[in-house]
Structures are given as C-alpha cells and as structure tokens.
Amino acid sequence: MQIRPHDDPQYQELRSRLREIRDLQAAASVLKWDRATYMPPGGVIARGQQIATLRKLAHDQLTDPALGELLENLRDFERSLPYESDDASIVRLARRDVHRALRIPSSFVATLSSHQTDAYVAWTKAKPDGNFEAVRPFLEKTLELSREWASFFPESDRIADALIAEEDEGMTTQTVQGLFETLRSQLVPLVEAIAERPQLDDRILSQHFDETTQLNFCYKAVDRVGYDFHRGRLDRSPHPFTTRLSHGDVRITTRVRPHQLTESIFSSLHEMGHALYEQGIEAAFDGTPLARGTSAGMHEGQARLWENFIGRSRAFWECFYPWLQGMFLRQLGQVPVNEFYRAINKVERTLVRTSADEVTYNLHAILRFDLEVAMLEGRLAVKDLPEAWNERYRQDLGIVPQQHTEGVLQDVHWFVETIGGQFQGYTLGNLMAAQLYESALKLHPEIPVDIERGNFETLHRWLQRNIYRHGRKFTANELVLRVTGKPLHVDPFVRYLNQKYGDLYDIHGR
Ligand code: ZN
C-alpha cells in the first residue's frame with residue numbers, strides 16, 4: 001500500500017527539523033528588522049553578535065549529519081512523487097540547501113558574519129565624509145572572504161558563478177553577462193537620444209510635502225492595491241526593505257523625504273511588490289524551504305513590476321491622482337494629471353542607483369555587476385575601485401561623482417553582503433517584470449483599464465496564480481519559461497522602454 005506523504009515518519013521528521021531551522025532564521029530576521037527601524041544606535045555591536053549566534057545555530061542544524069541521512073533515506077519517497085508536488089519539492093529544496101550549507105564551514109559563516117557587522121559600522125561612519133580609505137581595508141577583507149566563499153564551490157566555471165547562484169539559482173556569470181551586454185548596447189543610445197530632447201519638468205515634485213500626509217497616502221495606496229495589513233505593517237527606515245517573518249507577518253518599510261514626494265511613494269510601491277509576492281505564497285508552505293520568493297531577480301521583478309510598470313503608468317495615476325491632489329491641494333491642486341505623469345517619468349543621468357529612473361537604472365546595476373566580477377576575477381583591485389567606478393560612470397552615463405558619498409560608497413550592499421551576486425538581480429528583475437507583464441497583458445488586455453478604475457485584482461490574481469503561490473518550488477528560469485513560453489530575454493523590456501519613453505520624449509521613428 002502506498003504511504004501518503006504526511007504519514008511517512010521520516011518525512012514528518014524532516015518537516016519538523018526544517019521548521020526549527022526556519023524559526024531560527026525568522027528570529028534573526030526580527031532582530032534585523034528591529035536594528036533597521038527602532039533599535040537605538042548603541043545596540044549595534046551586541047545585535048550583530050545576536051544575529052550571528054542565531055545564524056550559526058541555524059547553520060549547525062542545517063548541516064547536522066542526521067538531517068543529511070534523513071534526506072538520503074527520503075530519495076525513494078521523493079522519486080515516487082511528481083516533480084511539481086509540494087512534498088517532492090520540499091525534499092528537493094531541502095537537499096539543495098543542505099548541500100550548499102555543507103560546503104561552507106560553520107567557522108567561516110561566523111567569521112563572515114562578524115566581519116560584515118564591522119564593515120557595516122565602518123561604512124556608516126565613512127559614508128558622510130566620502131572617506132573611501134577608511135573602508136578600504138574592510139572591503140579588501142570582504143573580497144578575500146568572498147573569494148574564499150566561492151572556493152567552496154570549485155566545480156563552477158567562473159569564480160562568481162556560485163555567488164550568483166546563491167541569489168539567482170540557475171544563472172551563471174556567462175548568461176548574465178550575455179543578457180547585460182545586449183541590454184547595455186540598447187540602453188546607452190536610448191539614454192543619449194533622450195538627453196538630446198527637451199527635458200521634462202519635475203519641479204512640482206520637490207515642493208514641501210508634509211511627511212505624515214505622505215505616509216498616509218502610502219498606507220492608502222498599498223492597501224488599495226492589495227497589500228494585506230492584517231499580515232503586515234509599514235514603518236520608516238533609512239534603507240527601505242521587506243522582511244518575511246511568517247506567512248502571517250510580512251513587513252515593509254519606506255523612506256520619507258519632505259522635499260521629494262516620489263521617494264516615499266515609489267519606495268512603498270516597490271516594497272509592496274516584494275511583500276505581495278511573499279504574502280501570496282501558499283500558506284501551507286510556511287516553515288518549509290518553499291516559503292520564500294524563488295530568487296533575487298524574481299523578487300526584484302515583482303517589486304519593479306508594481307513600482308514602475310504599474311506605479312509609473314498613466315493608468316495608475318488616473319486612479320490615484322485625485323486622492324493625492326486632495327491630500328496636497330496647495331502643491332498639486334493646479335497640476336493636471338498628465339503633467340504629474342510626465343514629472344514622475346523624467347529620465348536623467350544621475351549618480352545614485354536607488355533614485356534612478358527606470359531607463360538609466362539598469363546602467364547602474366550592470367556597472368556594479370561588472371565591477372564585482374572584475375574584482376573577484378582579480379582584474380580589479382579594491383584600491384582601484386573608486387577610479388574604475390568613476391570611469392564607468394563617465395562611459396555609461398556621461399557623469400562622474402565629485403565625492404565617494406554619491407559614488408562608490410552610496411550602496412550598503414558590499415558592506416553587509418559578499419562581493420559577487422549582489423547586483424545582477426536588480427536588472428534580471430526588470431527583464432523578468434517586462435516579460436511577465438507582456439504575457440499578462442496578452443491574456444488580459446483590459447488590465448490598464450481595470451487599474452484606471454481602481455481594480456488591481458486582474459493583475460494581482462494573474463501574478464498570484466502564475467508566480468506568487470509557488471514560492472520557491474520552481475526556479476526563476478523555470479517560471480519564466482512556464483508562464484511566457486520563452487526563456488528570459490531582453491526584448492520585452494526594450495520594447496516597453498522604447499514605447500513609453502518614445503512617447504514621453506517624442507523620439508519615435510529615429
Ligand atoms: Zn527590491
């Protein structure tokens with residue numbers, strides 16, 4: 001007689017071990033959320049230790065030989081079930097996680113984690129003065145540790161491969177470089193063509209906007225689109241982020257600036273996109289390796305889809321602009337929706353990635369990806385990074401930072417993560433968002449009209465059905481192929497940009 005999955009005692013044992021690991025990881029996430037929102041600065045050192053301890057405990061449990069043995073014993077069980085079944089997927093993903101964790105010694109995890117705390121503290125002190133020399137030794141150590149991390153996966157073709165696969169399973173240095181070179185060759189001329197046209201005026205966005213009112217608008221907007229506040233909350237933090245603590249608790253943060261209206265709105269919509277993905281994962285996956293978005297790229301894709309493809313569309317503001325106007329009558333009362341739409345879509349060569357428009361944004365991300373790979377492959381030394389950074393900005397965007405604060409020190413990533421694997425996801429995400437949205441529109445051409453009327457259900461449900469609910473069951477490549485019928489490619493994104501910005505800047509037929 002066939003044993004039903006939930007009656008198999010070894011499978012039960014696996015589930016209970018996986019849940020404990022997930023509990024430890026979730027506890028670490030609560031500590032990190034608190035550190036990024038309400039913790040007094042004095043707590044930073046102890047908090048780093050606490051997080052490292054929890055991470056170590058989780059890592060120890062994940063690499064416990066008894067767990068490995070259990071997974072070995074479950075091979076027949078896994079083979080007896082279809083690839084797509086929840087139970088087979090849980091075993092498959094657990095095996096993948098254990099396999100990767102086993103390669104990385106516990107002592108290395110602790111060293112890396114405590115180094116990252118030091119590097120983060122050094123970065124927060126060095127950033128305001130743009131003092132690269134103060135962080136250089138930390139960054140050199142990070143590079144050394146990142147290379148050591150990669151060395152635990154000697155079967156990779158390129159040193160960055162394992163670091164990339166850690167964030168974007170199924171992607172390699174070569175595939176990413178191929179996509180990015182094609183995209184860059186299309187973006188640079190588009191940005192140049194736009195720069196030759198009369199610039200859009202966005203001065204209306206930098207008036208004074210009351211911070212609490214901005215936050216109120218953000219609450220209303222994400223609530224209306226479909227973020228579930230019963231299973232989430234919205235707080236302020238200097239660097240906006242989303243964190244999943246459980247199926248019932250997926251939190252987002254935003255950044256509010258009194259003289260930059262778009263900051264709070266688009267950060268909120270971006271994080272909401274991440275959160276809709278996490279909130280949309282099957283509740284039954286909680287406590288298993290399936291209960292998170294499948295890759296950095298797919299996650300970013302969900303965020304950018306709502307932030308840009310929807311949040312910066314004309315249809316979205318046909319719905320929300322009257323609300324926003326009502327809240328900021330003095331500032332926007334006399335500004336027609338079309339003028340607002342043009343202002344939020346201004347394309348400009350600027351220095352800071354996180355506030356870049358959707359055309360130039362990818363040049364920032366591709367540039368960092370290339371620098372990461374060059375450092376890992378020994379073609380670029382950390383001491384030469386600022387110069388390489390500036391030179392690449394000159395080539396791709398025609399501008400050069402005057403200070404490292406708005407140059408090489410602007411991003412926290414290399415100071416809290418490894419070097420390698422951190423940046424490809426942003427641009428892969430834009431490509432995925434474009435390809436998925438194109439498919440959604442083919443099936444439901446009414447989506448923009450629905451959105452204009454304040455109905456976000458059609459798109460939300462389509463994403464829920466095709467992407468969100470699966471969590472980590474399929475890789476991003478598998479999902480893109482299943483849903484769109486084609487492997488990931490750059491054409492949908494380029495088509496989208498050419499159409500939208502061709503209209504906005506009147507550059508069709510060039
Ligand atoms: Zn994001």
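Bear in mind the structure is a predicted one, so any value in this text is a computation, not a measurement. Each ligand, and each atom within it, is numbered from 1 in the order the structure gives.
- Tally of protein N, O or S atoms closer to the Zn ion (ligand 1) than 2.8 Å: 3.
- Judged by a 6.0 Å distance limit and a 45° cone about the ring axis, R251 is not positioned over the six-membered ring of F241.
- When the options R353, H239, H364, K127 are evaluated for a side-chain hydrogen bond (donor to acceptor under 3.5 Å, both in side chains) with D411, the one that passes is R353.
- Partners of Q116 by side chain to side chain contact (heavy atoms under 4.5 Å, CB included), not counting sequence neighbours, listed by chain and number: R55, L112.
- Both cation-pi conditions hold for R304 and Y361: the charged atom is under 6.0 angstrom from the six-membered ring centre and inside a 45 degree cone around its axis.
- Stacking of R482 on the aromatic ring of F474 is recorded, both the 6.0 Å distance cut-off and the 45° axial limit being met.
- A cation-pi arrangement is present between R368 and F423, with the terminal nitrogen or guanidinium carbon under 6.0 Å from the aromatic centre and inside a 45° cone about the axis.
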